[in-house]
Amino acid sequence: MKKEIHPEVFTVKAHCACGKDFNTISTRKDIRVTLCSNCHPFFTGASKFVDTAGRIEKFEKKYKKGNKA
């Protein structure tokens, strides 16, 4: 490898929003993430439901208004 063209690499402790900490390698000295393998639905098998009821009602209200006229 050529010298002085590659960034410095650190062994860091990454912090997840769920509270889990894990070690990794990065060019940044501090890493904070919102999802990790401990809390991500793909790895846990749990489903996270997004509240779409408000969006659907808003859509229906908007386009029903056009059909009445």
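In this chain, numbering begins with 1 at the start of the sequence shown. No hydrogens, no waters, no symmetry mates; every other heavy atom, side chains included, goes into these values.
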Report whether L35 and V12 are members of the same hydrophobic cluster (ILVMFWY, side-chain heavy atoms less than 4.5 Å apart, transitive linking).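 No, L35 and V12 fall in different hydrophobic clusters.
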Charged N-O contact under 4.0 Å between R28 and D30: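 Between D30 and R28 there is no salt bridge, as every charged N stays at least 4.0 Å from the carboxylate O atoms.
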How long is the straight-line distance from [atom2] of [Y] back to [atom1] of [X], given to the nearest 0.5 Å?
X   : Y   : atom1 : atom2 : result
K29 : T11 : NZ    : OG1   : 12.5 Å
C36 : F22 : SG    : CZ    : 6.0 Å
I25 : F10 : CD1   : CZ    : 12.0 Å

Which heavy atom of A17 sits nearest a heavy atom of T34, and at what distance?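 Taking every non-hydrogen atom into account, CB-O, 3.8 Å.
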